[in-house]
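In what follows, every chain begins at residue 1, and chains take the letters A, B, ... in the order their sequences are listed. Just so it is clear, the structure is predicted and the values come from calculations on it, not from any experiment.
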Amino acid sequence: MFTMLWSRLFIPTLRENPAEAEVISHQLLLRGGYIRQLGAGIYNYLYLAQRSLLKVQAIVREEMDAIGAQEFYLPALNPAEVWQESGRYDVMGDNMFRLKDRFGRPLCLGMTHEEVMTSVARGEIRSYKQLPQIWYQIQTKFRDEPRPKSGLLRVRQFIMKDSYSFDLAPEGLDVSYEKHRIAYCRIFDRCGLEYVAVEAHSGAMGGSQSQEFMVATNAGEDYVVSCKQTGYAANLEKAVSRPVPPAAPDDAAALEPAEVHTPDQKTIDEVSAFLKVHPTAIMKSLVLIADGKPFLAVLRGDHQLSETKFQTATGCQEFRPAHPEEARELLGANVGSLGPIGIKNMPVLIDEALKGRKNLVCGANKDDYHLINATPGEDFEGAWHDLRQVAEGDTEITTGAPLEVRKCVEIGHIFKLGYKYSHSMGLNVLDHSGAEVPVIMGSYGIGIERVLCAAVELFSDANGMSLPVSIAPFEVVLTPVKIADASLREAGDKLYADLKAAGVDVLYDDRELSPGVKFKDADLVGIPFRVNIGKKLASGMLELVNRRTKEMVEIPAAEAVDYIKKAICAARPTSSH
RNA sequence: CGGGGCGUAGCGCAGUCUGGUAGCGCACCUGCCUUGGGCGCAGGGGGUCGCCAGUUCAAAUCUGGCCGCCCCGACCA
């Protein structure tokens, strides 16, 4: 049967870029006829996208099944009660889509499925003998993103593989977590991605360990700090580093703080220029209101406060910079002249990069005045924390090797949840001794569309996308240069049938178009191999073109199936994990 | 939610300032021609100019309101 005829398929390619598309994957998926937008952050996945996404899902299934995970399918439509039990009905706020049924009962659309999975488990799992379990599903998730953007990268409805592990004890969780880590490496390897697994911030949700799988691309919204030499990699939120050393050595003498008049010098740069002191010898003092209480954070002048690290240090749920009036009321001076000396009415947090520093400049808590010769730990006290965000130019913390900061997109996340849901929702089992104990859980996600987007972002050129053979909608496209030519058509028909019979995923471009159009289309939609059937057929030869390398080899028509199968096989990404 | 931009044929755009016949390229349909990188020629179809109200003899164009989409920011288990 001739089913995969390009002339019969709906592949609406566009010659021009739709105006709304900014990032590469968005542009190419639209132009390639993979997707069409229905609304902000809501997309139709057309035939090519669906084929690709199904291939991603098939790989995910194989690898999840391989670690003994069991596939479920849970509702996306959830009664509010389940989420109220865990407390996340409130925590999720506006990010959750909410609705009411005809009787006015509150429902919501699932953003993730910890609650539902836990509710299944607690009804049925009563004994340690039933543990461990790993359950997963591939399901549509809904998030009312404040700002959907970047095509399929940040959307309001998307497909996620999410799995959950249930173990009796932390050691068991370690095993389940490690199984997932390896499965994820295998999945992303097989999808042909270049990625890095990084330490991630576990959030305020009580997790102990978590890793994100990141793909470097300018379309990403996360920042990853990594070191080529040591292999260190971490989310910027959590990354640690050795800062760039101070521009000049500190004055080693034991000096007392002294006021200097600094009229209208408010920012670090202004003070630096006015006093002719490098920003690395100035301390910046930030007043922050965390969970309603004030804190003073002190950092080196050229450093940035890491919001996540501050949150971790204070254990607060939320925080914001103090309003100028609040700062004035608390410290007696306007923003721009604030400093840590003499502060009694709030905790002072000092960044570790200031450890051992002497005789620095800071605000005097008196308008238009700064202090010189201020020494942290002597002239003022505080709790030492790592508060600083890693900056360009910093080096690896133990070796001093160079670090780089790259924009990345998160394609997967593995997470040790701990007991959060077991406690809040009452998931307990009896252990060996007959005592009731809570189950320890893990949660593990993969953004299916993001895998496709990441592949497009990683592998494209001026002509279009160049998808890995494992997730491309077709493995090979057959292109008779002139379909009206009976001999070319016959050869094409035969090769199509033979490839089909050999299990090759082949698309037959039988359209009566000029070769240029067909070549351009094939390149645009990113099919890894193209077989040209043209003039050389007279001497029994075809051409096999590699989309990514643009390499072309002549192959004998009589043995074409073997050659093509070998090429596909050689190009298929594998995993060594 | 704050800032900016856009909304005219399937796609990309002009026309809006200065009110008066709705246009261009690509795509699409028909015929001929052509077939190795988005052919050529000829003919043709397709639009409540985002929506509603107002001003006017007359509104794509001016005024007011609303809606939608994109970008920056805030936000992001």
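- Counting non-hydrogen atoms under 4.0 angstrom, A:Gly445 reaches nothing in the nucleic acid.
- What separates CG of A:Asp94 from C1' of B:A74 is a distance of 13 Å, to the nearest Å.
- Distance noted for atom P between B:A58 and B:C39: 47 Å (whole Å).
- In this structure a side-chain-to-backbone donor-acceptor pair under 3.5 Å is missing from A:Arg530 to A:Val477.
- At whole-Å resolution of the value, CD in A:Glu20 and P in B:G10 are 14 Å apart.
- The residue A:Thr112 sits apart from the nucleic acid: no heavy atom pair falls under 4.0 Å.
- Under the Watson-Crick or G-U wobble criterion, with both distances below 3.5 Å, B:U18 is left unpaired in every strand shown.
- When the P atom is compared between B:G50 and B:G7, the two are found 8 Å apart, to the nearest whole Å.
- Here B:C69 presents its C1' atom at 16 Å from CZ of A:Arg36, a figure rounded to the nearest Å.
- Because its NZ or CZ atom is both nearer than 6.0 Å to the ring centre of A:Phe459 and within 45° of the ring axis, A:Arg548 counts as a cation-pi partner of that residue.
- Residue contacts for A:Met160: at a heavy-atom cut-off of 4.0 Å it reaches a base atom on one of the strands shown.
- Across B:A59 and B:C72, the matching C1' atoms stand 34 Å from one another, rounded to whole Å.
- Pairing for B:C62 goes to B:G54, judged as Watson-Crick or G-U wobble with the two contacts each under 3.5 Å.
- Nearest-nucleotide mapping onto RNA chain B: of A:Ile483 and A:Glu221, the residue sitting toward the 5' end is A:Ile483.
- Remark: A:Arg147 is in phosphate contact with B:C72, judged by side-chain N or O atoms under 4.0 Å from OP1 or OP2.
- Protein atom CG of A:Leu513 is 10 Å distant from nucleotide atom C1' of B:U35, rounded to whole Å.
- At the heavy-atom level, A:Arg530 lies under 4.0 Å from base atoms of the strands shown.
- In this structure, the side chain of A:Arg388 does not engage the main chain of A:Lys309 through any donor-acceptor pair within 3.5 Å.
- Going from atom CD of A:Glu16 over to atom C1' of B:A14 covers 14 Å, rounded to whole Å.
- A:Arg450 forms no cation-pi arrangement with A:Phe213, by the criterion of a distance under 6.0 Å to the ring centre and an angle within 45° of the ring axis.
- A close approach under 4.0 Å does occur between a side-chain nitrogen or oxygen of A:Gln37 and OP1 or OP2 of B:C70.
- The A:Glu22 side chain lies nearest to B:C71 when the options are B:A74, B:C71, B:U35.
- Note that CD of A:Glu449 and CZ of A:Phe158 are 7.5 Å apart. Values are rounded to the nearest 0.5 Å.
- Under 4.0 angstrom from either OP1 or OP2 of B:C11 there lies no side-chain N or O belonging to A:Arg15.
- The partner of B:C28 is B:G44, judged by Watson-Crick or G-U wobble contacts that both fall below 3.5 Å.
- Only the P atoms considered, B:U61 is 14 Å distant from B:G54, to the nearest whole Å.
- Annotation: of the two residues near RNA chain B, A:Leu524 and A:His413, the 5′-most nearest-nucleotide partner is A:Leu524.
- Taking atom C1' on both B:A77 and B:C71, the two are 26 Å apart, rounded to the nearest angstrom.
- In this structure, of B:C11, B:A77, B:U35, it is B:U35 that holds the atom nearest to the side chain of A:Pro515.
- Nucleotide B:G23 has B:C13 as its partner under the Watson-Crick or G-U criteria, with both atom distances under 3.5 Å.
- When the P atom of B:G36 is taken as reference, atom CD of A:Glu543 falls 12 Å away, rounded to whole Å.
- Atoms CG (A:Asp521) and C1' (B:G36) sit 16 Å apart, rounded to a whole Å.
- No donor-acceptor pair closer than 3.5 Å links the side chain of A:Arg31 to the backbone N or O of A:Gly464.
- Using a 4.0 Å heavy-atom cutoff across all strands shown, A:Thr479 reaches no nucleic acid atom at all.
- Remark: the separation of the C1' atoms in B:C69 and B:G64 is 22 Å, to the nearest Å.
- Both distances falling under 3.5 Å, in either a Watson-Crick or a G-U wobble arrangement, place B:C1 opposite B:G73.
- Comparing the P positions of B:U18 and B:U8 gives an interatomic distance of 23 Å, to the nearest angstrom.
- Between the P atoms of B:G68 and B:U63, the separation comes to 22 Å (whole Å).
- For the pair A:Glu85 and A:Arg122, the salt-bridge criterion is met [side-chain N within less than 4.0 Å of a carboxylate O].
- In this entry the distance linking NZ of A:Lys520 with C1' of B:C26 reads 15 Å, nearest Å.
- Across all strands shown, B:U35 has no partner, as no Watson-Crick or G-U wobble contact with both distances under 3.5 Å is found.
- Across all strands shown, A:Lys149 has heavy atoms under 4.0 Å from sugar-phosphate atoms exclusively, and none from any base.
- When heavy atoms are screened at a 4.0 angstrom cut-off, A:Pro18 is found touching the sugar-phosphate backbone but no base atom.
- Taking 4.5 Å as the limit, some side-chain heavy atom of A:Leu507 sits within range of a side-chain heavy atom of A:Leu9.
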